[in-house]
2 protein chains.
Amino acid sequence: MSTVKSKNSLNPTLVVDRALEIVDAEGLDGLTVRKVADAFGVTPMALYWHFANKEALLAAVGDAVVSSLRVPDEGLPLEHYLREAMTSLVDVMRAHPSACPLVAQQIMQAEVGRDLTERFLDKLAIAGFDVERSSAVAHYAMQIAMTLVSREPGAELAFKPEDREAVLERKRASLASLPEDRYPRLRAAADAMIECPNTDEYYADGIAIFVAGVMADARALAQA
Amino acid sequence: MSTVKSKNSLNPTLVVDRALEIVDAEGLDGLTVRKVADAFGVTPMALYWHFANKEALLAAVGDAVVSSLRVPDEGLPLEHYLREAMTSLVDVMRAHPSACPLVAQQIMQAEVGRDLTERFLDKLAIAGFDVERSSAVAHYAMQIAMTLVSREPGAELAFKPEDREAVLERKRASLASLPEDRYPRLRAAADAMIECPNTDEYYADGIAIFVAGVMADARALAQA
DNA sequence: ACCTGAACACCGTTCAAGT
DNA sequence: ACCTGAACACCGTTCAAGT
């Protein structure tokens with residue numbers, strides 16, 4: 001967070017990088033035009049020369065994160081292509097969990113996002129999905145990837161590191177206070193539901209369930 | 001939006017109802033302590049007698065929506081129980097799409113949410129899912145139901161009804177400008193990806209895919 | 001017990017002005 | 001071309017005071 005100040009010190013790329021740092025450190029709601037300006041030792045209004053408004057800045061942050069997405073190999077069959085695409089999306093988002101909603105919002109504005117989706121829609125069509133169904137499945141895939149990352153158990157407590165343990169403890173106590181005879185499963189699951197015990201497994205399983213569901217649909221269409 | 005004003009006109013139930021109306025009409029970001037106060041012809045600070053802060057008010061709104069959830073019949077087998085539970089969740093949320101995140105946040109604070117989850121975890125355990133996996137699946141189900149509703153194609157444009165058509169048209173134009181030879185599937189899918197052509201089908205398919213994925217897991221566990 | 005009034009530290013953004 | 005300064009219409013919230 002060093003304060004850089006010189007003539008023409010502000011350009012969109014630098015601003016977006018700084019903004020992403022702030023989002024990572026303080027969450028999406030923690031990003032403020034004034035904070036970005038301060039980080040550059042500049043007046044808030046200086047940013048309005050480079051971006052039309054805050055919305056445009058957020059979109060640019062989304063674009064920046066999306067750009068590191070990779071398109072799975074064209075030759076892969078539907079099942080593996082879908083798994084690879086979702087894994088790639090999840091990986092990109094896990095690098096900047098707070099920016100997830102921006103990624104979901106901007107993915108179609110990026111060439112890599114369009115290419116990935118076009119190929120996916122094509123494979124779905126070949127597997128027998130009609131246009132409406134393919135569109136829905138592509139939409140589910142994107143949104144589920146985002147949800148997995150941005151709502152990973154315990155992720156909502158990523159900020160205010162002092163409070164984090166306190167909030168965790170409060171949730172734990174709340175579940176522990178439930179009557180054992182009525183909520184035995186909930187009590188046993190408490191720890192796992194509050195904080196993800198194995199994040200890699202959490203993502204792999206989430207993706208696997210969705211992929212299996214889509215493939216069940218594909219099989220049903222194949223024999224119809 | 002009539003202005004009610006009398007001695008002791010403010011009580012938590014009335015305030016929550018009003019707040020939910022505002023959320024429905026203007027979205028979650030449109031809900032403001034000051035707006036709620038205005039609706040009652042009262043000073044913003046009056047609300048702080050009944051709620052600790054805005055967060056507590058939002059939680060109460062979430063509780064109110066959750067309360068209309070119903071627990072599926074205990075006797076149902078896993079597959080049907082899961083489908084019923086997600087359908088019930090989706091129905092409750094579709095009544096107040098902007099309040100979805102509050103529902104997801106508060107569901108475990110409500111008896112009906114805990115009962116629904118306890119039974120689901122029990123059925124998963126009987127089907128062979130270990131604690132960690134059951135917890136993850138319960139979490140996926142909740143979050144996916146929420147995502148289906150709050151990110152239904154076109155839902156993000158639910159407010160500012162004047163701008164709505166303009167934004168839709170801008171998105172449509174953006175996809176229509178893509179080269180036909182390179183993005184044929186994307187162009188064909190444009191309408192369906194921008195605005196949901198059949199919402200009931202969209203939800204039924206989304207739920208069906210997740211249920212099928214979980215059942216594939218269950219079968220794999222059964223024969224292991 | 002329940003609400004008001006004034007104040008504080010924040011927001012995004014406009015518009016005119018400086019260099 | 002790029003940035004500043006002052007101002008506006010908002011936020012959530014504290015704290016002391018009224019009834």
Side-chain angles (χ1 to χ4, degrees), chain A residues 1 3-23 25-62 98-99 101-102 105 156 159-160 162-163 167, chain B residues 1 3-20 22-23 25-62 98-99 101-102 105 159-160 162-163 167:
Chain A
M1 288 287 191
T3 297
V4 186
K5 180 65 196 267
S6 72
K7 196 73 179 174
N8 290 23
S9 67
L10 237 48
N11 71 63
T13 313
L14 282 178
V15 171
V16 166
D17 288 352
R18 234 4 143 186
L20 183 53
E21 282 177 31
I22 296 176
V23 170
E26 309 180 39
L28 215 42
D29 290 343
L31 181 69
T32 268
V33 174
R34 289 168 135 97
K35 271 186 203 159
V36 178
D38 281 352
F40 285 97
V42 108
T43 275
M45 286 316 300
L47 297 177
Y48 285 77
W49 180 259
H50 304 275
F51 298 91
N53 46 36
K54 190 184 181 183
E55 196 189 342
L57 171 57
L58 288 171
V61 171
S98 299
L102 305 177
Q105 181 196 312
E156 67 277 14
F159 313 109
K160 303 169 185 168
E162 350 94 50
D163 301 344
V167 177
Chain B
M1 283 290 192
T3 296
V4 185
K5 180 64 195 267
S6 72
K7 197 72 180 174
N8 288 24
S9 67
L10 237 50
N11 72 62
T13 311
L14 282 178
V15 171
V16 166
D17 288 350
R18 255 318 171 208
L20 183 54
I22 296 176
V23 169
E26 310 181 38
L28 215 42
D29 290 342
L31 181 70
T32 271
V33 173
R34 289 169 136 96
K35 273 185 203 160
V36 178
D38 281 353
F40 285 96
V42 108
T43 276
M45 287 315 300
L47 297 177
Y48 284 79
W49 179 259
H50 304 274
F51 298 91
N53 48 35
K54 189 184 182 183
E55 196 188 342
L57 171 57
L58 287 171
V61 171
S98 300
L102 305 177
Q105 182 197 310
F159 314 109
K160 302 170 187 167
E162 350 94 51
D163 301 345
V167 177

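Throughout, protein chains are lettered first and strands after them, A, B, ... in sequence-line order, and every chain is numbered starting at 1.
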A.B. asks: In whole angstroms, how far is the P atom of dC11(C) from the CG atom of Asp29(A)?
C.D. replies: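 That distance rounds to 12 Å.
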A.B. asks: Which nucleotide in the list dC15(C), dG12(C), dT13(D) gets nearest to the side chain of Met45(A)?
C.D. replies: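 It is dC15(C).
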A.B. asks: Please report the closest heavy-atom contact between Ala37(A) and Leu47(A), naming both atoms and the distance.
C.D. replies: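 So the minimum-distance heavy-atom pair works out to N-CD1, 3.9 Å.
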A.B. asks: Expressed in angstrom and rounded to an integer, what is the separation of Asn53(A) atom CG from dT13(C) atom P?
C.D. replies: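 In whole Å, dT13(C) P lies 5 Å from Asn53(A) CG.
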A.B. asks: Without decimals, in angstroms, what is the distance between Leu47(A) CG and dT13(C) C1'?
C.D. replies: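 Result: 12 Å.
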A.B. asks: State, with a plain yes or no, whether a side-chain heavy atom of Tyr48(B) is found less than 4.5 Å away from one of Val33(B).
C.D. replies: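 Heavy-atom side-chain distance check passes, below 4.5 Å.
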A.B. asks: Output the single nucleotide from dT13(C), dA6(C), dC3(C) whose closest atom is nearest the side chain of Ala46(B).
C.D. replies: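 In terms of side-chain proximity for Ala46(B), the closest of dT13(C), dA6(C), dC3(C) is dC3(C).
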A.B. asks: Rounded to the nearest Å, what distance is computed from the CG atom of residue Leu58(B) to the P atom of nucleotide dG12(D)?
C.D. replies: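 One finds 10 Å between P of dG12(D) and CG of Leu58(B), rounded.
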A.B. asks: Return the 5'-most residue of the pair Pro44(A), Arg34(A) with respect to DNA chain D, ranking by each residue's nearest nucleotide.
C.D. replies: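 In this pair, the answer is Pro44(A).
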A.B. asks: Near Asp29(A) CG, under 6.0 Å, is it more than 12 heavy atoms from other residues, nucleotides or ligands?
C.D. replies: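 Open.
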A.B. asks: Starting at OH of Tyr48(A) and ending at C1' of dC15(C), how long is that distance when rounded to a whole Å?
C.D. replies: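 Rounded to whole Å, this separation is 13 Å.
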A.B. asks: Rounding to a whole Å, what distance do you find between Leu57(B):CG and dT13(D):P?
C.D. replies: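 Spelled out: CG on Leu57(B) to P on dT13(D) is 10 Å.
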A.B. asks: Contact between Leu14(B) and Phe40(B) at the side-chain level, heavy atoms closer than 4.5 Å - yes or no?
C.D. replies: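 They are in side-chain contact.
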A.B. asks: Between Trp49(B) and Ala52(A), which residue's closest nucleotide on DNA chain C lies nearer the 5′ terminus?
C.D. replies: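 Comparing both residues, the 5'-ward one is Trp49(B).
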A.B. asks: What is the pairing partner of dT19(D), taking Watson-Crick or G-U wobble pairs with both distances under 3.5 Å in any strand?
C.D. replies: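 Paired with dA1(C).
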A.B. asks: Taking pairing as Watson-Crick or G-U wobble with both contacts under 3.5 Å, can you name the mate of dG12(D), or confirm there isn't one?
C.D. replies: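 Looking at the geometry, dG12(D) pairs with dC8(C).
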A.B. asks: With a 4.0 Å limit, can you tell me whether His50(A) has a side-chain N or O closer than that to the phosphate oxygens OP1/OP2 of dA1(D)?
C.D. replies: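 So the side-chain polar atoms of His50(A) never come under 4.0 Å of the phosphate oxygens OP1 or OP2 of dA1(D).
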A.B. asks: How many Å lie between CG on Asp38(B) and C1' on dA9(D), as a whole number?
C.D. replies: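 About 14 Å, once rounded to whole Å.
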A.B. asks: Indicate the atoms forming the closest heavy-atom contact of Val61(A) with Val16(A), along with that distance.
C.D. replies: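 The answer is CA-CG1, 3.9 Å.
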A.B. asks: Using atom CZ of Phe51(A) as one end and atom P of dC2(D) as the other, report the distance to the nearest whole Å.
C.D. replies: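 The distance from CZ of Phe51(A) to P of dC2(D) comes to 13 Å, rounded to the nearest Å.
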A.B. asks: Looking only at side-chain atoms of Thr32(B), point me to the closest of dG12(D), dC3(D), dA6(D).
C.D. replies: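 Of all the options, the side chain of Thr32(B) is nearest to dG12(D).
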